[in-house]
Amino acid sequence: MDPLKICLVSSEVAPFAKTGGLADVTAALARHLHKKKHDVRLVMPFYRRLRGQYDFTPLAQLQDIPVRLGARTYHFSVSTAKLPKSKLDVYFVRCPDLYDREGIYTQDEDEHLRFALLSRAALDMCQWTQWAPDIVHCNDWHTALMPLYLKTLYAWDKLFARTRTVLTIHNIGYQGVVGSDKLGELGLESEKRFLYQEDLDEGRVNFLKTGILYAHALTTVSVTYAREIQGDELGMGLDALLRKRSDSLFGIVNGVDYDEWNPKSDKLIPHRFNERDLRGKEANKQALCEKFGLEFDARAPLIGVVSRLTAQKGFELLPDILPVLLHRDDVRLVVLGNGEERYENYFNWLAGAFPKKVAFQAGFDNPLAHWIEAASDMFLMPSRYEPCGLNQMYSLRYGTVPIVRRTGGLADTVAPWNAQTREGTGFLFDEFTPEALLEAVRRALAAWRDDGAWSQLMQNGMARDFSWEHQVDEYIALYRKLVPAH
Ligand code: ADP
């Protein structure tokens, strides 16, 4: 079969710019599509943090290209750099007016323009290079206007006549809602009839909702989350619309990049290990305890947390249970996270109250994230909702037993431990309450005390395979279904 031309557009691509799973997914998906010989153009902004990093090559035919957004004309240029561990070029949209700023995301007034420009630039690039994509694959609210742009501003161009669009919802909690007075700046002033009228009446435009209306296919990052967002509890106001489009909504669980996350070869951890020889795991635990000044005891389980610190991740369940647990049980806790101050304050307080048992590091630190995965015995993800979640899959590969809430991708990737059959890979709880979480932790601690059970749990988890090799085929099958026959 002919290779597909896929234009994949994202606000984050690892390792260039990452705040969460979106970056891992777009990088790995592009890499694996490329490996399977598809013609992929991965497009992202050139943020300030990239200056002086990597080896960028300006593309001669894509320099200083004007894009009108309302009254203002912006100019963008494109440079490429290789996606690490592949020969694939990543296309970086340079527009200093919009991207030469401190963060990947900002609270600035023109945040909508930063990503409208990315969307427009990706389509303009196709035109300037006369490259007709079979698939435009946009991700989250940032690029969710692309299907509508193709239907309106670019509809005249035969280049896109056969182009089909896919929108992946990585997290429905972020929708990109702006005032309808911004329509002109978005280039959609005369396209009002295509927008969601109730929102317009209330003076709003919702990027993600617009994408949901017009993308040919919608995907989200786990089968359970695809079901959950069609319900009013987790649909965040978009459930009715998603129910209408349920025939075009597919759950495809994210893959794991085992070149990056593999205890046998991970260069970011002090001691490597594998399922037959776990001594390195214990050495990592001891070294991590020493690094943070925690009292090391091989018999005391180490619980790890690596996370964005936001309400989504369920940390408000912890204050009711952790102090008592830490007081009564011989456990250690290491937390790495960045995000909301209230959670940082809490973990700082907890580390102060239990200096020999709890360590907290604020900030984003990829090597430490690997080390925590490798060193921990248990990994805690009490998420309120979790579209897919990657850390629980990393945990499994590192012999670290996940304790998770049964939601979204956590429900799809962690199988409950059954002490009788000795099947399962972790511990799950349903109710979003401190009591339910505590009960799951207690079950985990009971299994920890049974050496045979714990080894089996670790082995079961390490044998699971969530590699992209499989997951990428699901995307390819979907793309093929959408692309019209010649
Ligand atoms: P989300 O996308 O909601 O943040 P995921 O579990 O899908 O959650 O992906 C999180 C990714 O970000 C993982 O690769 C995880 O290791 C990484 N990560 C999250 N917080 C940090 C942090 N503070 N330091 C380093 N890596 C982090």
Side-chain angles (χ1 to χ4, degrees), residues 10-29 103-105 139-142 168-174 219-222 224-225 228-229 234 236 251-263 266 268-269 288 304-315 334-341 343-344 347-348 359-376 379-398 400 402-405 407-414 426 466 468 471:
S10 175
S11 57
E12 298 185 27
V13 176
F16 303 107
K18 167 167 168 173
T19 69
L22 170 64
D24 294 310
V25 174
T26 48
L29 178 59
I104 296 174
Y105 303 118
N139 292 277
D140 276 349
W141 75 263
H142 317 95
T168 296
I169 302 168
H170 298 261
N171 191 332
I172 207 163
Y174 304 88
T219 73
T220 186
V221 289
S222 68
T224 296
Y225 194 59
E228 287 172 342
I229 56 178
L234 293 181
M236 310 254 177
I252 303 179
V253 174
N254 287 335
V256 170
D257 186 347
Y258 289 122
D259 293 336
E260 285 283 322
W261 294 91
N262 185 346
D266 192 336
L268 298 175
I269 59 177
L288 190 70
V305 173
V306 176
S307 186
R308 288 185 297 120
L309 300 179
T310 65
Q312 177 204 333
K313 300 294 177 179
F315 296 120
V334 173
V335 179
L336 166 65
N338 66 338
E340 291 175 34
E341 208 179 315
Y343 299 115
E344 291 193 4
F347 285 120
N348 272 323
F360 171 57
Q361 181 161 315
F364 194 92
D365 185 337
N366 186 47
L368 183 59
H370 282 246
W371 192 357
I372 293 174
E373 285 289 4
S376 301
F379 197 88
L380 191 58
M381 291 179 79
S383 306
R384 187 182 277 281
Y385 72 95
E386 194 62 73
C388 179
L390 293 169
N391 280 303
Q392 80 283 8
M393 294 192 271
Y394 302 155
S395 297
L396 292 172
R397 183 47 62 105
Y398 285 76
T400 303
I403 303 172
V404 303
R405 181 143 179 272
T407 182
L410 299 175
D412 293 356
T413 56
V414 180
F466 296 101
W468 271 106
Q471 300 315 99

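Note that ligands are numbered from 1 as they come in the structure, with each ligand's atoms numbered from 1 the same way.
- For ligand 1, the atoms sitting less than 4.0 Å from at least one non-hydrogen atom of R308 are 1 (P), 3 (O), 4 (O), 20 (N), numbered in the order shown with element in parentheses.
- Atom 24 (N) of ligand 1 has its closest protein heavy atom at D365 N, 3.0 Å.
- Taking a cut-off of under 4.0 Å to the non-hydrogen atoms of G389, the atoms of ligand 1 that pass are 6 (O), 7 (O).
- Any N or O atom pair closer than 3.5 Å counts here, and N366 shares no such pair with ligand 1.
- Residue N391 touches ligand 1 through backbone and side chain together, judged by heavy-atom distances below 4.0 Å.
- Near L390, with a cut-off below 4.0 Å to any heavy atom, the atoms of ligand 1 are 5 (P), 6 (O), 7 (O), 9 (O).
- No donor-acceptor pair closer than 3.5 Å links the side chain of D140 to the backbone N or O of H142.
- Classified by interplanar angle (parallel below 30°, tilted 30° to 60°, perpendicular above 60°), the ring pair F315/Y343 is perpendicular.
- Ring orientation note: the planes of Y225 and Y385 are close to parallel, at an angle under 30° on the 30°/60° scale.
- Only one option out of D24, T26, N366 pairs with K18 in a side-chain hydrogen bond (donor to acceptor under 3.5 Å, both in side chains); it is D24.
- Atom 22 (C) of ligand 1 has its closest protein heavy atom at F364 CD1, 3.5 Å.
- The main-chain N or O of G255 is found under 3.5 Å from a side-chain atom of W468 such that the two form a donor-acceptor pair.
- Among the atoms of G363, some N or O lies under 3.5 angstrom from an N or O of ligand 1.
- Y105 and E12 form a side-chain donor-acceptor contact under 3.5 Å, judged by distance and modelled atom types alone.
- Distances from ligand 1 to the non-hydrogen atoms of C388 include no value under 4.0 Å.
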Worksheet item: Taking it one step at a time, do R308 and E340 satisfy side chain to side chain contact (heavy atoms under 4.5 Å, CB included)?
Response: CA-CA 8 Å; R308 288 185 297 120; E340 291 175 34; over 6 Å; no
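- At a 3.5 angstrom cut-off on N or O pairs, A369 does not count as close to ligand 1.
- Under the 3.5 Å distance criterion, with hydrogens and angles disregarded, a donor-acceptor pair is assigned to the side chains of D412 and T224.
- Taking distance alone, with nitrogen or oxygen atoms compared against 3.5 Å, K18 approaches ligand 1 more closely than that limit.
- Close approach of ligand 1 to Y394 (heavy-atom distance below 4.0 Å) involves ligand atoms 13 (C), 14 (O).
- Using cut-offs of 30° and 60° on the angle between ring planes, the pair Y394 and W261 is parallel.
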Discussion item. Let's go through L368 and L288 carefully: what are the C-alpha distance in whole Å and the side-chain angles of both, what is the deciding distance for side chain to side chain contact (heavy atoms under 4.5 Å, CB included) to 0.1 Å, and is it a yes or a no?
Written reply: CA-CA 9 Å; L368 183 59; L288 190 70; 3.9 Å; yes
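- If you look at D24 next to ligand 1, the close heavy atoms, those under 4.0 Å, all belong to the side chain.
- Remark: ligand 1 atoms within the under-4.0 Å shell around heavy atoms of N338 are 23 (N).
- Listed for the T168 side chain is no donor-acceptor partner under 3.5 Å among the backbone atoms of N139.
- Of the possible donor and acceptor atoms, one in the side chain of Q392 sits under 3.5 Å from a partner among the backbone N and O of C388.
- Residue K313 has at least one N or O atom closer than 3.5 Å to an N or O atom of ligand 1.
- Within ligand 1, the atoms closer than 4.0 Å to a non-hydrogen atom of S307 are 20 (N), numbered from 1 in the order shown.
- The distance criterion of under 3.5 Å between nitrogen or oxygen atoms is not met by V306 with respect to ligand 1.
- With respect to atom 10 (C) of ligand 1, the closest heavy atom belonging to the protein is G21 N, 3.7 Å.
- Of the N or O atoms in W261, none lie within a sub-3.5 Å distance of an N or O in ligand 1.
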